[in-house]
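The structure appears right after this line, and notes come after that.
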Protein chains: 2
Amino acid sequence: MSQMQNVERQLREMILGLEIGPGERLTERWIESRFGASRTPVRAALLRLETEGLIGRDGRGWTVAPINLAELGQIAVYREAVEVAAVRLTAALEDRGGIDVIAAMLDSCDAETPREEWHRVGMDFHIELARLSGNEFLLRAVRDAMTRLSRARWLEVRDEKALGRAWAEHHAILAAVRAGDADESARLLSAHIAGSRDRLVNSLHDDRRGLRARGFAVVAA
Amino acid sequence: MSQMQNVERQLREMILGLEIGPGERLTERWIESRFGASRTPVRAALLRLETEGLIGRDGRGWTVAPINLAELGQIAVYREAVEVAAVRLTAALEDRGGIDVIAAMLDSCDAETPREEWHRVGMDFHIELARLSGNEFLLRAVRDAMTRLSRARWLEVRDEKALGRAWAEHHAILAAVRAGDADESARLLSAHIAGSRDRLVNSLHDDRRGLRARGFAVVAA
DNA sequence: GATACCAACTTGGGATACCAAGCCGGTATT
DNA sequence: AATACCGGCTTGGTATCCCAAGTTGGTATC
């Protein structure tokens with residue numbers, strides 16, 4: 001694997017894993033020494049992460065994207081548009097066998113599953129559902145949206161009850177898609193996304209002082 | 001303006017203007033000498049254009065993205081999802097003053113307007129309409145989709161009648177949005193996009209031999 | 001003590017040198 | 001004549017060097 005891909009992947013993981021906090025400054029020299037690569041692949045990786053929205057420019061320098069509550073609302077609208085379109089396509093397919101794989105993925109999580117795994121599966125559910133549509137652009141859009149939401153979802157304070165409700169909603173969506181009911185799938189998915197957004201924004205809004213205390217830049221809604 | 005931005009902009013214009021044909025190979029050294037920049041900004045520009053989908057990797061090298069008829073169909077689905085979402089948002093706004101600016105933009109084209117300008121305005125209509133929604137993600141999605149469609153639309157053989165019909169549809173969409181009728185706006189926009197896709201794919205499909213004769217790589221649907 | 005100014009350093013932007021892998025053409029062998 | 005082999009050339013990947021602009025810390029002056 002090339003150095004550029006190495007740096008890109010590791011840096012993305014550090015950002016998404018909050019090892020580098022939202023709002024933190026990045027210098028090419030620091031990354032260079034941190035990953036043992038020279039500046040050329042480092043700069044290439046930064047350019048790619050910039051298009052993913054994980055980092056941005058701060059004048060001449062680089063900054064890890066802050067947690068932006070207003071952006072979360074816009075992403076929810078965007079997600080709804082593309083995910084609903086994807087699920088409607090999927091519900092109209094003859095071969096919806098892929099749904100069972102997604103259901104199995106959900107069921108692989110139980111009480112002993114680490115939180116990190118729940119987090120990943122919760123995002124992969126939406127990504128894999130979009131993949132079933134067969135539309136590369138809808139898939140990419142969903143993947144991008146989930147990437148941008150990843151840190152916020154990780155920071156969200158989620159109680160067991162909310163987690164269980166989300167999982168039930170996921171299963172309900174799958175059931176509607178499996179039945180080929182596009183309207184019901186769309187309705188359930190829209191409601192799920194709206195609820196998810198509300199819990200997320202409320203949780204982070206309530207926590208924003210705590211987040212700032214941890215050194216995380218939080219942009220108000 | 002930085003060298004990277006210069007190279008990126010000029011290379012994008014050459015690709016979209018078909019001065020470099022779809023499917024053509026690109027070498028970093030050629031670009032370097034062509035624009036008088038060194039490889040560092042050239043590589044940065046290539047990385048950005050790659051994320052725009054205008055170029056892709058061909059093994060170790062770079063290739064201008066071919067005209068892909070299957071992709072055009074997928075983009076139409078994607079466009080419909082995001083543009084309809086955007087126009088619904090806009091129709092629900094209190095302040096829809098921006099619509100008049102778009103109408104004026106359409107009206108700035110007449111029989112003497114060069115074809116290039118019609119082409120640009122035809123894309124800007126959709127982009128600016130999406131901008132009115134205020135949602136950055138929907139706007140970016142529409143802009144990306146139009147960029148990817150740009151070359152295909154340029155190659156499309158369009159008769160006066162089809163062009164006039166498209167303009168009438170644009171005005172009808174604006175009227176519905178101005179009236180705040182979200183459902184009607186969405187219906188008209190969906191029909192417009194579907195019709196646009198059909199004309200585009202049919203035209204290119206019929207022309208694909210001619211396109212290949214011009215040295216353009218065309219991927220079948 | 002406050003401020004204006006200057007030097008050293010930091011940092012991203014760009015240029016260039018080097019490398020490894022792959023491609024191509026030529027040559028020698030059968 | 002066909003083919004296997006080899007050497008040079010092209011090309012992207014990487015490392016490194018230089019530069020200009022901006023920042024910082026200290027110092028001298030008022």
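Everything numeric in this text was worked out from a predicted model, so none of it was measured. Residue numbers start from 1 in every chain, and the chains themselves are labelled A, B, ... in the order their sequence lines are given, proteins ahead of strands.
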Item to complete: Walk me through it: do A:Glu19 and A:Glu13 pass the test side-chain contact (heavy atoms from CB on, under 4.5 Å)?
Response: CA-CA 8 Å; A:Glu19 295 173 55; A:Glu13 276 172 19; 5.6 Å; no

Discussion item. Does the Lys NZ or Arg CZ of B:Arg214 fall within the cation-pi geometry relative to B:Phe216 - under 6.0 Å from the ring centre and within 45° of the axis?
Written reply: no

Please output the side-chain donor-acceptor pairs of residues 66-84 of chain B that fall under 3.5 Å, not counting sequence neighbours, one pair per line with the distance.
{"from": "B:Asn68", "atom 1": "OD1", "to": "B:Ala70", "atom 2": "N", "distance (Å)": "3.0"}
{"from": "B:Asn68", "atom 1": "OD1", "to": "B:Glu71", "atom 2": "N", "distance (Å)": "3.0"}
{"from": "B:Gln74", "atom 1": "OE1", "to": "A:Glu136", "atom 2": "N", "distance (Å)": "2.9"}
{"from": "B:Gln74", "atom 1": "NE2", "to": "A:Gly134", "atom 2": "O", "distance (Å)": "2.8"}
{"from": "B:Tyr78", "atom 1": "OH", "to": "A:Tyr78", "atom 2": "OH", "distance (Å)": "3.2"}
{"from": "B:Arg79", "atom 1": "NE", "to": "B:Glu83", "atom 2": "OE2", "distance (Å)": "2.7"}
{"from": "B:Arg79", "atom 1": "NH2", "to": "B:Glu83", "atom 2": "OE2", "distance (Å)": "3.1"}
{"from": "B:Arg79", "atom 1": "NH2", "to": "B:His126", "atom 2": "ND1", "distance (Å)": "3.3"}
{"from": "B:Arg79", "atom 1": "NH2", "to": "B:His126", "atom 2": "NE2", "distance (Å)": "3.4"}
{"from": "B:Glu80", "atom 1": "OE2", "to": "B:Ser190", "atom 2": "OG", "distance (Å)": "3.0"}
{"from": "B:Glu83", "atom 1": "OE1", "to": "B:His126", "atom 2": "ND1", "distance (Å)": "2.7"}

Mind checking the [atom1]-[atom2] spacing from [X] to [Y]? Nearest 0.5 Å is all I need.
X	Y	atom1	atom2	result
B:Ile173	B:Leu189	CD1	CG	4.5 Å
B:Ser185	B:Leu89	OG	CG	11.5 Å
A:Asp110	A:Glu117	CG	CD	10.0 Å
B:Arg120	B:Arg115	CZ	CZ	15.0 Å

Worksheet item: Which nucleotide of DNA chain C is the first, and which the last, in the 5' to 3' direction, to come under 4.0 Å of a heavy atom belonging to chain B?
Response: C:dG14 to C:dA21

Discussion item. At 4.0 Å (heavy atoms only), tell me whether A:Thr40 reaches a base, stays on the sugar-phosphate, or touches nothing.
Written reply: base

Discussion item. Using only atom types and a distance under 3.5 Å, with no angle test, would you say the side chain of A:Arg212 pairs donor to acceptor with the backbone of A:Ala217?
Written reply: no

Under 3.5 Å donor-acceptor pairs involving side-chain atoms of residues 90-103 of chain A, not counting sequence neighbours:
{"from": "A:Thr90", "atom 1": "OG1", "to": "A:Ala86", "atom 2": "O", "distance (Å)": "3.0"}
{"from": "A:Thr90", "atom 1": "OG1", "to": "A:Ser133", "atom 2": "N", "distance (Å)": "3.2"}
{"from": "A:Asp95", "atom 1": "OD1", "to": "A:Gly97", "atom 2": "N", "distance (Å)": "3.0"}
{"from": "A:Arg96", "atom 1": "NE", "to": "A:Val177", "atom 2": "O", "distance (Å)": "2.9"}
{"from": "A:Arg96", "atom 1": "NE", "to": "A:Arg178", "atom 2": "O", "distance (Å)": "3.4"}
{"from": "A:Arg96", "atom 1": "NH1", "to": "A:Ala91", "atom 2": "O", "distance (Å)": "3.4"}
{"from": "A:Arg96", "atom 1": "NH1", "to": "A:Leu93", "atom 2": "O", "distance (Å)": "2.7"}
{"from": "A:Arg96", "atom 1": "NH2", "to": "A:Arg178", "atom 2": "O", "distance (Å)": "2.8"}
{"from": "A:Asp100", "atom 1": "OD1", "to": "A:Arg178", "atom 2": "NE", "distance (Å)": "3.4"}
{"from": "A:Asp100", "atom 1": "OD1", "to": "A:Arg178", "atom 2": "NH2", "distance (Å)": "3.0"}

Which pairs of donor and acceptor atoms, one on a side chain in residues 144-156 of chain B, lie under 3.5 Å apart (sequence neighbours left out)?
{"from": "B:Thr147", "atom 1": "OG1", "to": "B:Arg143", "atom 2": "O", "distance (Å)": "2.9"}
{"from": "B:Arg151", "atom 1": "NH1", "to": "B:Ala65", "atom 2": "O", "distance (Å)": "2.8"}
{"from": "B:Arg151", "atom 1": "NH2", "to": "B:Ala65", "atom 2": "O", "distance (Å)": "2.8"}

Worksheet item: Tell me, which of residues 23-34 of chain A have any heavy atom that sits under 4.0 Å from an atom in DNA chain C?
Response: A:Leu26, A:Thr27, A:Glu28, A:Arg29

Practice prompt. Return the residues of residues 42-60 of chain A meeting this criterion: a heavy atom under 4.0 Å from some atom of DNA chain C. Order them by number, or give none.
Written response: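 Those residues are A:Arg43, A:Arg57, A:Arg60.
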
Please tabulate, for side-chain N and O atoms in residues 35-45 of chain A, each donor-acceptor pair with protein atoms closer than 3.5 Å (sequence neighbours left out).
{"from": "A:Arg39", "atom 1": "NE", "to": "A:Glu28", "atom 2": "OE1", "distance (Å)": "3.2"}
{"from": "A:Arg39", "atom 1": "NH2", "to": "A:Glu28", "atom 2": "OE1", "distance (Å)": "2.9"}

Discussion item. Using side-chain contact (heavy atoms from CB on, under 4.5 Å), reason through B:Met105 and B:Asp124 one step at a time and then give a plain yes or no.
Written reply: CA-CA 9 Å; B:Met105 189 176 76; B:Asp124 281 351; 3.9 Å; yes

For residues 204-211 of chain A, which side-chain N or O atoms pair as donor and acceptor with protein atoms under 3.5 Å away, sequence neighbours left out?
{"from": "A:His205", "atom 1": "ND1", "to": "A:Arg208", "atom 2": "NH1", "distance (Å)": "3.3"}
{"from": "A:His205", "atom 1": "NE2", "to": "A:Arg208", "atom 2": "NH1", "distance (Å)": "3.4"}
{"from": "A:Arg208", "atom 1": "NH1", "to": "A:His205", "atom 2": "O", "distance (Å)": "2.6"}

Worksheet item: A:Arg25: what forms a salt bridge (Lys or Arg N to Asp or Glu O under 4.0 Å) with it, not counting sequence neighbours?
Response: A:Asp58

Worksheet item: Reading DNA chain D 5' to 3', which nucleotide is the first, and which the last, to come under 4.0 Å of any heavy atom in chain A?
Response: D:dT14 to D:dA21

Fill in: Consecutive-pair stems (3 or more, Watson-Crick or G-U, under 3.5 Å) for DNA chain D
C:1-30 with D:1-30

Worksheet item: Who pairs with B:Glu52 by side-chain hydrogen bond (donor to acceptor under 3.5 Å, both in side chains), at least two apart in sequence or on another chain?
Response: B:Arg12

